Every structure is written in structure tokens, then in C-alpha cells.
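For reference, the structure is listed below as C-alpha cells.
No experiment lies behind these values; they were computed from the predicted model shown.
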Amino acid sequence: MAVHYWTALFLLLPCLFCISNASAGDADPDYRTCVSECEISGCVGQLCFPQCNSSSDGGPWYIQEPLYLQWKKWGCQGDCRYQCMVNRETERETLGQAPVKYHGKWPFKRVLGIQEPASVAFSVLNLAMHFHGWLSFFIMIYYKLPLKQDRTAYYEYVGLWHIYGLLSMNSWFWSAVFHSRDVDLTERLDYSSAVAILGFSLILAILRTFDIRVEAARVMVSAPILAFVTTHILYINFYKLDYGWNMIVCVAMGVSQLFLWARWAAVSSHPSNWKLWVVVIAGGLAMLLEIYDFPPYEGYFDAHSIWHAATIPLTILWWSFIRDDAEFRTSSLLKKTKTKAK
């Protein structure tokens, strides 16, 4: 199903537009001057940041602020950049000028220290929908559908879908964290998680569309892809986070599985094929939001956050297809078993 492709691209495509941190906003001399002066004085106008004049040692634990208050602070450079950005955007608005990006990002309004609140909210909702989908799949397999005498499922792909569900939830978790606070660690975890789900989805697409059920054949298909994905994740984490190369890898894996699922939908007689086509078409239309990149409305809802929102109904439909597939395969296998018994 093409939702593997769209989900990973929802998480990864933004790097196409952030290959360089240089943007019109942070190239502005007034903005640069503001940040430089703030890092020295610790103030932007009447607003001052104590962390700019404090040492790296936070002191004894009993005089430090609670974690929920520390989270709202970004450090001297982060807070200086944010306040200078707010001031420059206010000035630009009074002059009738459109918003510009700063360090590769639109000027979002923070909420409780969260950098992109709308994207975080929609990432959390996607995580919740994947959890609900995976849980409903689990309940259907083990409590609603017939089981073999050894209490295992008739459906041959149940284990793969469990792994897919866990990797999907992991990806959306790190997406929420990354959009909360864009630092080097959260960026790498977000990209690595997205690459992992994309690579596993490619394996799943091959195994399901070609109906590979023999264990040895599954290993032969999975091993080289797992080796490549693992090597790529190690490369972007410990050698070089090359945005361009990472996008080439992700698009190649995504397009490959997109064609696999499209071919399978065209030739199979699956009763729920229409759900796949809805996901493919709707996902393609949703991509237009990322191409038509616009500033955040009221400082919160930009094209990327709305793109995240579009994945929520697609996720619901996708897990609905997975449940239908399990029910369809189980029914087919039971009919064959009864026929052989006769």
C-alpha cells in the first residue's frame, strides 16, 4: 500500500527545502545585528534572557528550575534568534512585506517552548491513529478471527504488520519531538526513524504483493534491503547527514513500493482495492501542499503542518485495509482447508 511511501515522504520531504540553513530572514543584516547584540548583552529591547549571562553550570539541583520550565527555554542563542525574528517580522508586517524563512523555517509562534505547535499536534494525532489501527488489528487477529490449533493466526503477514505498526508509531513520535525542538539529535532521530519505516515498508510491499510466504525466500528478499537501510542510517548519523543523498535513497525506495502496490491493486481481485486507490490519489494530492509552500497562518498552520494533518484520515483508511486484508486472506485459507478436508 502506498501509504508507506506517503508517510515516509511526509516525514522526509521537508529536507528538500532545507538543504541549506541559509534563508532570506537570517541573511538580513538587521536580524544578524540583533542576534549578535543579544548574545553579548542578553537583551532584545526591554526583554532580557538570564541564560545569556549564566554559566553552563546550572548549580545544585535544589536551586534549578523544574524540567517543565527548563523545556520552555532554548538557551541564549535560541531565544535571541526567536525574539529577533519576532521583532523583524513585526517590522516587515508594518511595511506590508511578506514573511520570510529564518534558518530554513518559517517564523512560527512558540507555544510552551514548542517550535512548531501545529506540526507537533498533528504528528501526535498520527501516532494515536497508528496505535489505534495497530491495536484494532491485534484484537481482530487474536480475538475475532479463527486461529489455528496452536493459537497462531492463519494470516501469514501478521508479524510483519506488527513490526510495521511499531515502526510507524516510532517515526511519528520522533516527528513530534523534532518539530517540538529542531536540534541536531532530534533531526537525526527523526530522519533515521523515517528511513527505517520506509525501508521496512519496501520489504513488506515486496513480500505481500508477490505473496512470498516461504521463510527462506523472505530472508533472501529482506536481508539485502535491511543491510542497505542499516548502512544508510549509520552513514547519516555517524559520517555525514547528506540531505540530498538521503532524499535520493528515500524517494527511490518510496517510488519502488508505490509501483509495487499500484501493480498489485491493478491485477488482484482484492475486495478492498478501492481503499488503496483512495490512499494513492489522496496522498498525491496532499503532496501539492508541500510543493505550494506557504507561510504559517496566524503563525501556526503552514503547508507542512496541514500536510501532516492530511495523513490522519489516510492512516485510518490504511489500517482499515490491513484489517480487510487479514480477514480476506483468513477466509480464503479456511475455505481451502475445508475443501482439502472433504
For a side-chain contact (heavy atoms from CB on, under 4.5 Å) check, start with the C-alpha distance between Gln257 and Leu198, then their side-chain angles and the critical distance, and finish with the verdict.
CA-CA 9 Å; Gln257 63 187 273; Leu198 188 56; 3.4 Å; yes

Between [Y] and [X], is there a side-chain heavy-atom distance shorter than 4.5 Å?
X      : Y      : answer
Cys52  : Phe49  : yes
Leu207 : Val221 : yes
Asp211 : Arg208 : yes
Phe200 : Leu160 : yes
Tyr235 : Trp245 : yes
Met85  : Lys105 : no
Gln115 : His179 : no
Thr186 : Asp190 : no

Residues forming a side-chain hydrogen bond (donor to acceptor under 3.5 Å, both in side chains) with Ser268, sequence neighbours excluded:
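Asn273.
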
Please check if the distance between the ring centroids of Trp319 and Tyr164 is under 6.0 Å.
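So the answer is yes for these two rings.
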
Taking the six-membered ring for Trp, are Phe301 and Tyr297 closer than 6.0 Å centroid to centroid?
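They do not qualify: ring centres at least 6.0 Å apart.
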
For the pair [X] (side chain) and [Y] (backbone), establish whether a donor and an acceptor sit closer than 3.5 Å, ignoring hydrogens and angles.
X      : Y      : result
Asn126 : His308 : yes
Arg92  : Pro99  : no
Glu37  : Val44  : no
Thr209 : Ala205 : yes
Asn237 : Ile233 : yes
Arg81  : Val35  : no

What distance separates [X] [atom1] from [Y] [atom2], expressed to the nearest 0.5 Å?
X      : Y      : atom1 : atom2 : answer
Trp134 : Ile163 : CH2   : CD1   : 12.0 Å
Arg110 : Arg181 : CZ    : CZ    : 7.5 Å
Asp302 : Phe108 : CG    : CZ    : 3.5 Å
Thr330 : Leu145 : OG1   : CG    : 5.0 Å
Ser192 : Asn246 : OG    : CG    : 8.5 Å
Ile197 : Ser168 : CD1   : OG    : 3.5 Å

Distance-only polar pair, side chains of [X] and [Y], donor-acceptor under 3.5 Å:
X      : Y      : result
Ser119 : Ser305 : no
Ser272 : Asp325 : no
Trp161 : Tyr155 : yes
His270 : Trp264 : no
Gln83  : Asn87  : yes
Asp28  : Tyr102 : no
Ser136 : Arg323 : yes

According to a hydrophobic-cluster definition based on side-chain heavy atoms being under 4.5 Å apart (Ile, Leu, Val, Met, Phe, Trp, Tyr only), do [X] and [Y] belong together?
X      : Y      : result
Phe131 : Ile139 : yes
Met220 : Leu260 : no
Ile141 : Met169 : yes

What pairs meet the side-chain hydrogen bond (donor to acceptor under 3.5 Å, both in side chains) rule with one or both residues in residues 140-151, with sequence neighbours excluded?
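Passing the test, one end in residues 140-151: Asp150-Thr152.
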
Taking all non-hydrogen atoms of both residues, which atom of [X] and which atom of [Y] are closest, and how far apart?
X      : Y      : answer
Ala252 : Ser256 : O-OG, 2.7 Å
Val195 : His232 : CG1-CD2, 3.8 Å
Met140 : Ala326 : CE-CB, 3.6 Å
Trp277 : Ala266 : CZ2-N, 4.1 Å
Ala310 : Leu314 : O-CG, 3.4 Å
Pro296 : Tyr300 : CB-N, 3.6 Å

Within 6.0 Å of [atom1] in [X], more than 12 heavy atoms from elsewhere:
X      : atom1 : value
Glu187 : CD    : yes
Phe259 : CZ    : no
His132 : NE2   : no
Gln97  : CD    : yes
Tyr154 : OH    : yes

Summary of disulfide bond (SG atoms under 2.5 Å apart) pairs that have at least one residue in residues 80-194, sequence neighbours excluded
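For residues 80-194: Cys34-Cys84, Cys38-Cys80.
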
Are the charged groups of Arg32 and Asp30 less than 4.0 angstrom apart, N to O?
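Salt bridge flag = no for Asp30 with Arg32.
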
Check Arg329 with Asp324, please: is the shortest side-chain N to carboxylate O separation under 4.0 Å?
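No salt bridge links Asp324 with Arg329.
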
Test side-chain contact (heavy atoms from CB on, under 4.5 Å) applied to Val158 and Phe137, step by step:
CA-CA 9 Å; Val158 61; Phe137 173 73; 3.9 Å; yes

Worked verdict on Tyr31 versus Asp26 for side-chain contact (heavy atoms from CB on, under 4.5 Å):
CA-CA 6 Å; Tyr31 169 79; Asp26 48 276; 3.8 Å; yes

Partner of Met253 under side chain to side chain contact (heavy atoms under 4.5 Å, CB included), chosen from Ile248, Leu202, Ile203:
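Running side chain to side chain contact (heavy atoms under 4.5 Å, CB included) over Ile248, Leu202, Ile203 with Met253 returns exactly one hit, Leu202.
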
Under the side-chain contact (heavy atoms from CB on, under 4.5 Å) criterion, do Phe321 and Leu317 qualify, and how do the steps go?
CA-CA 6 Å; Phe321 176 86; Leu317 189 62; over 6 Å; no

